[in-house]
Amino acid sequence: MHKRLIVQKFGGSSVANVERIQKVAQRVVSYSKKGYQLVVVVSALGDTTDELVELADKINSNPSEREMDMLLSTGEQISVALLAMAIHKLGAKAISFTGSQVGIITDTSHTRARIIKINTDKIKEGLKNGNIVIVAGFQGVTINQDITTLGRGGSDLTAVALAKELKADSCEIYTDVEGIFTTDPRVEPCAKKIKKITYDEMLEMASLGAQVMQARSIEVAKKFDVPLHVRSSFSKNSGTMIIKEVKNMEDVVVNGITLNKKEAKITLYQVTDKPGVAVKLFKKLADAGVSVDMIVQNVSHTRQTDISFTVAKADAAKASRITKSVAKKIGAGEVILDQNIARVSIVGVGMRSHHGVAARMFGILADNKINIEMISTSDISISCIIEKKNAEIAVKKLHADFGLSK
Ligand code: ADP
Ligand code: ASP
Ligand code: MG
């Protein structure tokens with residue numbers, strides 16, 4: 001008889017210490033005893049990846065991306081081995097593999113590699129021999145045997161890609177919260193667990209700062225229609241299903257609120273308003289590998305305008321340097337870097353069919369005397385850049401006024 005196959009992914013906080021690793025082992029073994037075949041993806045223990053990033057920074061503030069991947073991939077190698085040992089201790093069979101060993105082949109974009117193909121032979125062989133197969137998340141290998149990583153939060157992507165490739169019957173993402181909430185439950189304790197959310201909404205929330213799922217993993221899940229169950233590794237409760245759109249979902253206008261404090265804003269003043277200016281700046285930024293997020297430029301009355309844009313904080317110093325040098329060349333004015341910003345966003349597929357949502361959002365912020373510095377929209381989200389000190393209060397007010405609180 002065909003045994004059902006489950007891919008289970010456990011995030012860093014789920015394997016943060018010895019007791020938690022033992023808990024994960026117990027859970028995994030209990031599923032195996034129920035007759036499931038299991039492929040388990042694990043992240044690095046607790047904050048290991050952050051600690052490794054800090055360690056590298058102390059040695060070299062501009063480390064080679066190849067060496068960064070060599071370093072960061074060690075975190076997951078530790079967890080897979082320890083989990084295998086914990087499972088052995090419970091008397092069950094398990095075997096662990098690195099990304100490279102199982103043949104998760106990626107391109108050569110170190111620190112943000114894309115998966116090209118997965119060779120599942122080793123995993124299938126492991127399963128056939130009666131093992132729980134444990135795979136290191138977040139990592140792959142190029143065809144030239146260089147180790148790569150899949151971007152922060154990339155174990156989610158490993159799990160989704162394996163579920164797709166192995167045609168798993170289900171893919172479960174175990175984390176330190178009970179599922180996807182209407183907003184980060186650490187910021188707003190009144191946040192509610194969402195039972196079902198569409199790929200599009202989850203992708204939007206993830207891209208706008210809800211770190212609970214890696215955005216790229218949702219893209220892949222959507223593309224190959226892999227339903228995901230996000231749930232807690234500390235309880236047996238069912239969590240949130242991330243799925244294709246279903247009927248009635250558009251009835252809810254706003255389904256979630258996100259907060260992102262990881263961006264900085266750069267403003268270039270007094271730019272001559274003529275063709276070819278924007279390209280000079282943004283081409284230089286692109287060539288330097290800086291990805292720009294929101295961009296705002298006003299129509300000018302005086303033939304001079306200001307350009308503001310946001311970048312990831314990690315790129316802020318570099319982007320500011322480049323902007324200053326471009327400003328000099330094109331005879332523009334001052335360049336100001338503002339690190340004290342936050343982006344609050346509202347997300348919901350219902351926005352496609354309801355109007356007045358933006359006005360309502362701006363009204364809520366205005367009523368709370370919160371100034372909006374930049375605005376951007378997509379068909380299912382509206383984002384505002386505000387001062388960082390107002391971030392949490394903005395989230396709480398939007399959450400309450402859009403009727404999301406429990
Ligand atoms: P893991 O280590 O399991 O990958 P992460 O730290 O990457 O876990 O993601 C889980 C965290 O995401 C939660 O602890 C929570 O604070 C945060 N989070 C942000 N937004 C949301 C949201 N809308 N719903 C649930 N969690 C969220
Ligand atoms: N350990 C990696 C990170 O912290 C991957 C992951 O946790 O998904 O980004
Ligand atoms: Mg994560």
Side-chain angles (χ1 to χ4, degrees), residues 8-17 20 24 41-54 68-69 71-80 99 104 111-113 135-140 148-162 172-195 197 201-218 228-234 239-240 242 254-262 314 343-348 381 391-392 395 398-399 404:
Q8 297 186 328
K9 176 253 167 179
F10 293 88
S13 43
S14 308
V15 289
N17 54 42
R20 289 190 182 177
V24 169
V41 175
V42 227
S43 296
L45 271 56
D47 297 325
T48 304
T49 311
D50 287 330
E51 285 157 17
L52 291 172
V53 170
E54 273 168 40
M68 213 50 200
D69 281 349
L71 178 69
L72 297 191
S73 62
T74 62
E76 272 69 12
Q77 192 171 342
I78 294 174
S79 9
V80 288
I104 298 182
T111 74
R112 52 185 172 279
V135 180
F138 176 55
Q139 53 182 260
T148 51
T149 61
L150 310 175
R152 294 304 304 269
S155 300
D156 296 334
L157 180 57
T158 307
V160 172
L162 286 177
E172 301 181 327
I173 308 290
Y174 287 90
T175 184
D176 59 354
V177 284
E178 292 270 330
I180 310 298
F181 282 70
T182 45
T183 193
D184 188 341
R186 287 181 214 288
V187 173
E188 175 50 283
C190 291
K192 277 189 298 204
K193 185 168 87 187
I194 303 172
K195 280 204 181 117
I197 188 167
E201 284 174 314
M202 191 63 237
L203 180 55
E204 200 79 359
M205 281 179 72
S207 316
L208 292 170
Q211 72 162 359
V212 59
M213 286 299 296
Q214 190 211 31
R216 277 178 52 204
S217 72
I218 304 298
L228 301 176
H229 183 184
V230 181
R231 57 192 301 192
S232 167
S233 62
F234 309 132
T240 303
I242 308 178
V254 172
N255 215 351
I257 315 276
T258 62
L259 173 59
N260 184 354
K261 293 186 185 171
K262 293 185 181 156
R343 176 202 288 242
V344 283
S345 315
I346 58 176
V347 177
S381 75
E392 278 78 15
V395 169
L398 290 167
H399 192 264
L404 299 176

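As the structure lists them, so they are numbered: ligands from 1, and atoms in each ligand from 1.
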ask   = Nearest protein heavy-atom contact for atom 21 (C) of ligand 1: which residue, which atom, what distance?
value = D184 CA, 3.6 Å
query = Under 3.5 Å, N or O to N or O, is G12 touching ligand 1 that way?
reply = yes
ask   = Under 4.0 angstrom from ligand 1, any heavy atom of M205?
value = yes
query = Do ligand 2 and G153 have nitrogen or oxygen atoms that lie under 3.5 Å from each other?
reply = yes
query = Would you say the side chain of S155 lies within less than 4.5 Å of the side chain of Q214, judging by non-hydrogen atoms?
reply = no
query = Which bit of Q214 is near ligand 2, meaning a heavy atom under 4.0 Å away: side chain, backbone, both or neither?
reply = neither
key: Top protein contact for atom 6 (O) of ligand 1, by heavy-atom distance   = Q211 NE2, 3.1 Å
query = Measuring from the heavy atoms of A191, does anything fall under 4.0 Å of ligand 1?
reply = no
task = Note the single closest protein heavy atom to atom 13 (C) of ligand 1, along with its residue, its atom name and the distance in Å.
result = D176 OD1, 3.4 Å
message = Which residue and atom name correspond to the protein heavy atom nearest atom 4 (O) of ligand 2, and how close is it?
response = R152 NH2, 2.9 Å
Worked verdict on Q139 versus I104 for side-chain contact (heavy atoms from CB on, under 4.5 Å) = CA-CA 8 Å; Q139 53 182 260; I104 298 182; over 6 Å; no
request  = Answer with yes or no whether the side chains of D69 and T148 bring together a donor and an acceptor at under 3.5 Å.
outcome  = no
query = Which atoms of ligand 2 sit under 4.0 Å from any heavy atom of T49?
reply = 1 (N), 2 (C), 3 (C), 4 (O)
message = Under 4.0 Å, heavy-atom basis, I'd like to know which part of S43 is in contact with ligand 2: side chain, backbone, both or neither.
response = side chain
task = Give a yes/no on ligand 1: does K9 have at least one heavy atom closer than 4.0 angstrom to it?
result = yes
task = Examine ligand 1 and decide if any of its atoms is less than 4.0 Å from a heavy atom belonging to S13.
result = yes
message = Under 4.0 Å, counting heavy atoms only: does G256 come that close to any atom of ligand 1?
response = no
query = What about D156: any of its N or O atoms under 3.5 Å from an N or O on ligand 1?
reply = no
message = Just to confirm my output: which protein heavy-atom neighbour is closest to atom 9 (O) of ligand 1, and how far is it?
response = V212 CA, 3.4 Å
inquiry  = Give me the residue, atom name and distance of the protein heavy atom closest to atom 3 (O) of ligand 1.
reply    = T175 OG1, 2.7 Å
Any N/O pair T182/ligand 1 closer than 3.5 Å = no
inquiry  = Whether the side chain of T182 engages the backbone of A191 through a donor-acceptor N/O pair (distance < 3.5 Å, no angle test) should be reported.
reply    = no
key: Interfacing atoms of ligand 1 (cut-off 4.0 Å, heavy-atom, A210)   = 20 (N)
task = Starting from the C-alpha separation in whole Å, work towards a yes-or-no answer on side-chain contact (heavy atoms from CB on, under 4.5 Å) for L208 and R343.
result = CA-CA 8 Å; L208 292 170; R343 176 202 288 242; 3.4 Å; yes
Main-chain N/O of I257 paired to T183 side chain as donor or acceptor, under 3.5 Å = yes
Atom indices of ligand 1 within 4.0 angstrom of V177 heavy atoms, with elements = 13 (C), 14 (O), 25 (C), 26 (N)
key: Nearest neighbour in protein (non-hydrogen) for atom 24 (N) of ligand 1   = F181 N, 2.9 Å
inquiry  = Looking only at side-chain N and O atoms, does E204 offer a donor or acceptor that is under 3.5 Å from a partner on S381?
reply    = yes
query = Looking only at protein heavy atoms, which one is nearest to atom 14 (O) of ligand 1, and how far off is it?
reply = R186 NH2, 2.6 Å
ask   = With a cut-off of 4.0 Å, which atoms of ligand 1 are near a heavy atom of I180?
value = 24 (N)
query = Which bit of P185 gets closer than 4.0 Å to ligand 1, counting heavy atoms only: side chain, backbone, both or neither?
reply = side chain
note = atom 25 (C) of ligand 1: closest protein heavy atom, distance to 0.1 Å, is G179 O, 3.4 Å
remark   = Honestly, for T183 the part within reach of ligand 1 (heavy atoms, under 4.0 Å) is backbone
query = Are E392 and K261 ion-paired here, with the side-chain N under 4.0 Å from a carboxylate O?
reply = yes
